[in-house]
Amino acid sequence: MLQIYDTLTKQKTAFKPLVEGQISMYVCGMTVYDYCHIGHARVMVSFDVITRFLRSQGWKVNYVRNITDVDDKIIKRANENQESMQQLTQRMIEAMHEDEASLFVLPPDQEPRATGHIQGIIEITQTLIDKGYAYAAGNGDVYYRVAKFEGYGKLTNKNIDELRAGARVAVNEIKENPIDFVLWKAAKEGEVSWPSPWGDGRPGWHIECSAMSKHCLGDNFDIHGGGPDLPFPHHENEIAQSEAANGCTFANSWMHAGAVRVNSEKMSKSLGNFFTIREVLKKYNAEVVRLFLASVHYRSYIDYSEQSLKEAQVKLERFYQALRGINATAEVELQNDYSGKFNAAMNDDFNTPKAIAVLFELVNELNSASRQKLPTAPTLAKQLLDLANSIGLLQQDPEAFLQGEAKEGELSAQQIEAFIIERKAARANKDFAESDRIRDLLLEQSVVLKDTREGTSWFRES
RNA sequence: GGCGCGAUGACAGAGUGGUUAUGUAGCGGACUGCAACUCCGUCCACGCCGGUUCGAUUCCGACUCGCGCCUCCA
């Protein structure tokens, strides 16, 4: 049975799909004005793990992740760069797709863009005005009348009076109430704009997600997800917009990933303490980053550090060492509970650390079986691969992963093989001094040798 | 101030009202020419104070500390 923690009810509850066997999920994606950082990676990887796992369990998942490609920050950045908004967003979308692919993150089923849904945005805005939930201010802006929506604040336990009291929003006489937020912004000179019943303008933040989710999944769908800084105000406002306009419950459950921290502080654009995905991938294999992220439950915060990345690297080496040289095939019947435990952990609000612990138990048995040349080894290896693959791990060839790509200044595979042949000759002559000299020489280049009956294999140590 | 989250062994990180998490590191042994990989064994634990209970790291309350949101950020 699948259990999911819902941000709104603050409880883990049994998941009930709208349609038997199917899951409709909308995840807030990127605002494309800069390269993705590890915080973005966490959202991408978390929901990729979730989607892959659900599919492995037979769920038919319709996964939508939007792109917000029109927004204040984008316009500002494009101006700074002296390029058009389209040029900037196109570049950043391409970069995002590259990052995604290198992290083994599967593309969502649908990836709508805000600029492709202006008509839908205008329609919802009009509906909200017609129903009294929004008003056109004299200057061409349209605002949401927050006090009119009864459920406002239900996601994040806010109440309107306190929000108003603490409103740090600049007082704006055009608004009826300082906490009202903008649905449609009148165009400024030289800014990108679209025609609307209220004059030329562009969407505010929040409304695009109401329009895109409605278009892709309907008025009511199963899961809405996103990053840790989205519950307020973004998701709160989405609820207000969509529920008021559509007259029904918006998302049935809300999932939010935890923050990535650096030195106990949230990694964020505003603090400037972020590492971009491409930066990190120069130093670490993509699966190392995936495993690092999956080593902590998706809702908890995770500390980004070199040490954590190295640990993930070592863990992955253990997995691949176990799989190395084994032809993973289901040859024999196994009587074990690894799959049951793994799936139970994942079905319990996607408990990846617990699930991965099961994989290590399996590795242990696999190594033991390999060592004793038991006939169960290939089947255990297959089981390990199947389970790991169900969350998008262990997708590389063990040999390729362990030997890695030679980085700048490192020995090539051919050079290493040549040294191994030299060493083999020395060992055959019992010239252990020479043999050890070669081994130490390679070790200085981070190449570790492993002698077996079948010969010498090697891997690059992190 | 309001609303939330967290505090687990050397580190990372799950979990549980009474039973081994898991990984790395450490220690002892096996394997090895010596190593590495691997295997076997092993040490180290639940912030503080009360309460409930036969029994609490696990439930309840207070406290201390840390973090997030309340403003753009995944």
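Order of the sequence lines fixes the chain letters, A, B, ..., with proteins taken first and strands second; residue numbering starts at 1 for each chain.
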On a whole-Å scale, what distance lies between the [atom1] atoms belonging to [N] and [M]?
N	M	atom1	answer
B:rU24	B:rC3	P	44 Å
B:rG26	B:rC67	P	32 Å
B:rU8	B:rA14	P	11 Å
B:rC39	B:rA25	P	12 Å
B:rG41	B:rG9	P	24 Å
B:rG13	B:rG51	P	33 Å
B:rA35	B:rA74	C1'	46 Å

Within this structure, what is the [atom1]-to-[atom2] distance between [X] and [N], rounded to whole angstrom?
X	N	atom1	atom2	value
A:Tyr298	B:rG13	OH	C1'	17 Å
A:His256	B:rC73	NE2	P	12 Å
A:Arg371	B:rC37	CZ	P	13 Å
A:Arg261	B:rA74	CZ	P	18 Å
A:Phe360	B:rU24	CZ	P	7 Å
A:Met346	B:rA14	CE	P	13 Å
A:Asp349	B:rA14	CG	C1'	13 Å
A:Glu434	B:rC34	CD	C1'	15 Å

Using a 4.0 Å heavy-atom cut-off across all strands, classify [X] as base, sugar-phosphate, or nothing.
X	result
A:Gln307	sugar-phosphate
A:Gln321	sugar-phosphate
A:Ser435	base
A:Leu449	base
A:Ala257	nothing
A:Arg437	nothing
A:Ser270	base
A:Asp436	base
A:Asn364	sugar-phosphate
A:Ser268	base
A:Arg324	nothing
A:Lys315	sugar-phosphate
A:Val358	nothing
A:Pro233	sugar-phosphate

Pair partner, [N] [Watson-Crick or wobble, under 3.5 Å]:
N	value
B:rU32	none
B:rC49	B:rG61
B:rC73	none
B:rG68	B:rC3
B:rC27	B:rG41
B:rG18	B:rC54

Comparing A:Tyr5 and A:Asn351 on RNA chain B - which has the more 5′ nearest nucleotide: A:Tyr5
A:Gly227 vs A:Phe432, nearer the 5' end of RNA chain B by closest nucleotide: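 Looking at the nearest nucleotide for each, A:Phe432 comes out on the 5' side.
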Would A:Glu111 and A:His97 count as a side-chain hydrogen bond (donor to acceptor under 3.5 Å, both in side chains) here? Give the steps. CA-CA 11 Å; A:Glu111 195 173 47; A:His97 286 152; 2.7 Å; yes
Checking [X] against [Y]: charged group under 6.0 Å from the ring centre and within 45 degrees of the axis?
X	Y	result
A:Lys269	A:Tyr33	yes
A:Arg290	A:Phe104	no
A:Lys450	A:Phe459	no

Out of [options], which has the shortest distance to the side chain of [X]?
X	options	answer
A:Glu361	B:rU24, B:rA21, B:rA14	B:rA21
A:Glu311	B:rC11, B:rA36, B:rC34	B:rC11
A:Met30	B:rG33, B:rA74, B:rC3	B:rA74
A:His40	B:rA30, B:rG15, B:rA74	B:rA74

What about A:Arg439, does its side chain sit under 3.5 Å from the base of B:rA35 through a donor-acceptor pair? yes
Examine the base of B:rG23 for any acceptor or donor lying under 3.5 Å from a partner atom in the side chain of A:Arg318, and report the outcome as yes or no. no
Short question: side chain of A:Ser56, backbone of A:Ser390 - any donor-acceptor pair under 3.5 Å? no
Closest approach of A:Arg42 to A:His297 (non-hydrogen atoms, all atoms of both residues):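 It is NH2-O, 2.9 Å.
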Is the ring centre of A:Phe360 less than 6.0 Å from the ring centre of A:Phe319? yes
Rounded at 0.5 Å granularity, tell me how far CG in A:Asp71 sits from NZ in A:Lys185.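 The NZ atom of A:Lys185 is 8.0 Å from CG of A:Asp71, to the nearest 0.5 Å.
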Would you please test A:Arg427 and A:Asp431 for salt bridge (Lys or Arg N to Asp or Glu O under 4.0 Å) and show each step? CA-CA 5 Å; A:Arg427 292 182 75 211; A:Asp431 184 353; over 6 Å; no
